[in-house]
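My questions will all concern the structure given below.
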Amino acid sequence: MLTCKDLTVAYGEIVALHGLSLTVGTGETVALIGANGAGKTTLLNAISGLQPVLSGDIRFEDESLAGVAAAHRVRKGIAQAPEGRRIFPGLTVEENLAVATAPWRRWGEKIALDLERVYDLFPRLKERRIQLGWSLSGGEQQMLAIGRALMARPKLLLLDEPSLGLAPRLAEDVYEQVRRIGESGLTILVVEQNTVLALAVADRGYVLENGRVILDGPAAELKRNALVREAYLGR
Ligand SMILES: Nc1ncnc2c1ncn2[C@@H]1O[C@H](COP(=O)(O)OP(=O)(O)OP(=O)(O)O)[C@@H](O)[C@H]1O
Ligand SMILES: [Mg+2]
């Protein structure tokens with residue numbers, strides 16, 4: 001579904017991705033793990049069209065995304081739940097979801113079905129649907145960020161550190177839903193520092209260090225790999 005080939009991305013003098021290559025197959029959940037500053041967010045932003053690419057190519061369903069604006073990538077089926085959730089603080093839960101509904105859909109088409117799907121995954125959001133964004137807990141905001149991305153009916157869901165800043169128990173809850181979303185057939189690329197959680201739901205994984213992939217393979221294999229354990233699991 002997604003192929004990144006020899007991607008180089010820089011912020012002025014700072015090169016954030018050095019010829020990165022990665023693939024995500026239809027129906028797969030792929031984890032990209034790496035420490036602070038490894039280039040994880042940069043990669044997701046490059047895929048969703050928020051960050052220009054210096055060289056290399058990104059292909060989605062066998063079409064190059066070069067020159068395709070971010071809004072059009074959403075139409076093609078790419079949706080991102082950004083780092084730090086970026087919930088609209090002054091909108092209610094339901095308004096946060098409603099504004100993200102697929103904008104190309106015909107006026108008047110019911111969004112009730114999409115809302116129900118999100119509420120079914122995250123019943124807590126339904127209970128809080130008239131509550132304002134700013135007043136949600138970190139975990140609820142993360143659920144809302146994922147739910148909001150799902151409102152665009154994506155084929156590929158990009159998740160940027162869904163466990164960030166959450167208590168271990170809440171992070172596990174969020175990942176339980178990520179697993180359910182993956183099992184429903186959606187293709188997922190999740191970036192994380194929390195290796196244990198991400199590799200538990202992923203089929204395959206990549207380890208990113210200073211903008212380069214230093215290791216990749218089946219999630220089970222990466223979990224066993226001594227290097228990953230030492231660098232990211234603290235053992
Ligand atoms: N807007 C920017 N301007 C300049 N440098 C940037 C910018 N955004 C990121 N960088 C640099 O690019 C590199 C990769 O950053 P990126 O945010 O992609 O890392 P990350 O893996 O997402 O880290 P974290 O886990 O902290 O979110 C870092 O060295 C960072 O300082
Ligand atoms: Mg980041």
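Source: prediction; values computed, not measured. Numbering of ligands and ligand atoms starts at 1, following listing order. Numbering starts at 1 and runs along the sequence shown. Note: hydrogens, waters and symmetry copies are ignored here, and every other heavy atom, side chains too, is used.
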Identity and separation of the nearest protein heavy atom to atom 8 (N) of ligand 1
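Residue, atom and distance for the closest contact: Tyr11 CZ, 3.3 Å.
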
Protein contact to atom 17 (O) of ligand 1 [nearest heavy atom, distance to 0.1 Å]:
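Minimum-distance protein heavy atom for atom 17 (O) of ligand 1 reads Thr41 CB, 3.8 Å.
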
Can you tell me which residue and heavy atom of the protein come closest to atom 27 (O) of ligand 1, and the distance to 0.1 Å?
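Going by distance alone, atom 27 (O) of ligand 1 is nearest to Glu83 OE1, 2.6 Å.
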
Restricting to N/O/S atoms, is Glu161 within less than 2.8 Å of the Mg ion (ligand 2) or not?
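Under 2.8 Å: Glu161 has no N, O or S contact with the Mg ion (ligand 2).
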
Is the closest side-chain donor-acceptor distance between Glu28 and Thr187 under 3.5 Å?
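The criterion, which ignores hydrogens and geometry beyond distance, is not satisfied for Thr187 and Glu28.
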
Any nitrogen or oxygen of Gly34, side chain or backbone, less than 3.5 Å from one on ligand 1?
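By distance alone, the answer is no.
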
Do the side chains of Asp160 and Arg85 get close enough for a salt bridge, i.e. N-O under 4.0 angstrom?
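Not counted as a salt bridge, because no side-chain N and carboxylate O are separated by less than 4.0 Å.
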
Do NZ/NE/NH1/NH2 and the carboxylate oxygens of Glu63 and Lys76 come within less than 4.0 Å?
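Looking at Glu63 and Lys76, the cut-off is met.
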
Below 4.0 angstrom, N of the basic side chain to O of the carboxylate: do Glu176 and Arg179 qualify?
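Counted as a salt bridge, because a side-chain N and a carboxylate O are separated by less than 4.0 Å.
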
Flag for Thr42-Gln51: side-chain donor and acceptor within less than 3.5 Å
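The criterion, which ignores hydrogens and geometry beyond distance, is not satisfied for Thr42 and Gln51.
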
Looking at Asp114 and Arg117, is there a salt bridge between them, counting it only when a charged N and a carboxylate O are closer than 4.0 Å?
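Looking at Arg117 and Asp114, the cut-off is met.
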
Tell me the protein heavy atom at minimum distance from atom 18 (O) of ligand 1, and give that distance in Å.
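It is Thr42 OG1, 2.5 Å.
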
Polar contact flag, side-chain donor to acceptor under 3.5 angstrom, Tyr119-Glu127
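There is no such pair between these side chains.
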
What are the atoms of ligand 1, with element, lying closer than 4.0 Å to any heavy atom of Gln193?
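Taking each heavy atom of Gln193 in turn, ligand 1 has 25 (O) under 4.0 Å.
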
Per-atom contacts of ligand 1 with Glu161, taking only distances under 4.0 Å to non-hydrogen atoms:
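Contacts of ligand 1 toward Glu161, numbered from 1: 24 (P), 25 (O), 27 (O).
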
Using only atom types and a distance under 3.5 Å, with no angle test, would you say the side chain of Lys40 pairs donor to acceptor with the backbone of Ala35?
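Between the backbone of Ala35 and the side chain of Lys40 there is a qualifying donor-acceptor contact (under 3.5 Å).
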
Please determine if the Mg ion (ligand 2) has an N/O/S atom from Thr41 lying under 2.8 Å away.
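For Thr41, the answer is yes, given that an N, O or S atom comes within less than 2.8 Å of the Mg ion (ligand 2).
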
Yes or no, since that's all I need: does a protein heavy atom fall within a distance strictly under 4.0 Å of atom 31 (O) of ligand 1?
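No, because not a single protein heavy atom sits under 4.0 Å from atom 31 (O) of ligand 1.
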
Considering only N, O or S atoms of Glu83, the one closest to the Mg ion (ligand 2):
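Restricting Glu83 to its N, O and S atoms, the minimum distance to the Mg ion (ligand 2) goes to OE1.
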
Using a strict 4.0 Å cut-off to heavy atoms of Asn36, name the atoms of ligand 1 that fall inside it.
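Under 4.0 Å from Asn36, ligand 1 has these atoms: 23 (O), 24 (P), 25 (O), 26 (O).
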
Heavy atom of Gly211 under 4.0 Å from ligand 1?
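Contact absent.
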
Ring of Phe88, cation from Arg148 - is the NZ or CZ under 6.0 Å from the centre and inside 45° of the axis?
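Yes; both conditions hold, so Arg148 lies above the ring face of Phe88.
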
In terms of side-chain geometry, is the basic nitrogen of Arg204 or Glu221 positioned less than 4.0 Å from the acidic oxygen of its partner?
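No.
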
Gly39 N/O under 3.5 Å from ligand 1 N/O
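Gly39 vs ligand 1: N/O contact under 3.5 Å present.
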
Between ligand 1 and Ile14, is the shortest N or O to N or O distance under 3.5 Å?
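There is no such contact.
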
What residue and heavy atom of the protein are closest to atom 14 (C) of ligand 1, and at what distance?
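Ranking protein heavy atoms by distance from atom 14 (C) of ligand 1, first comes Gly37 O, 3.5 Å.
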
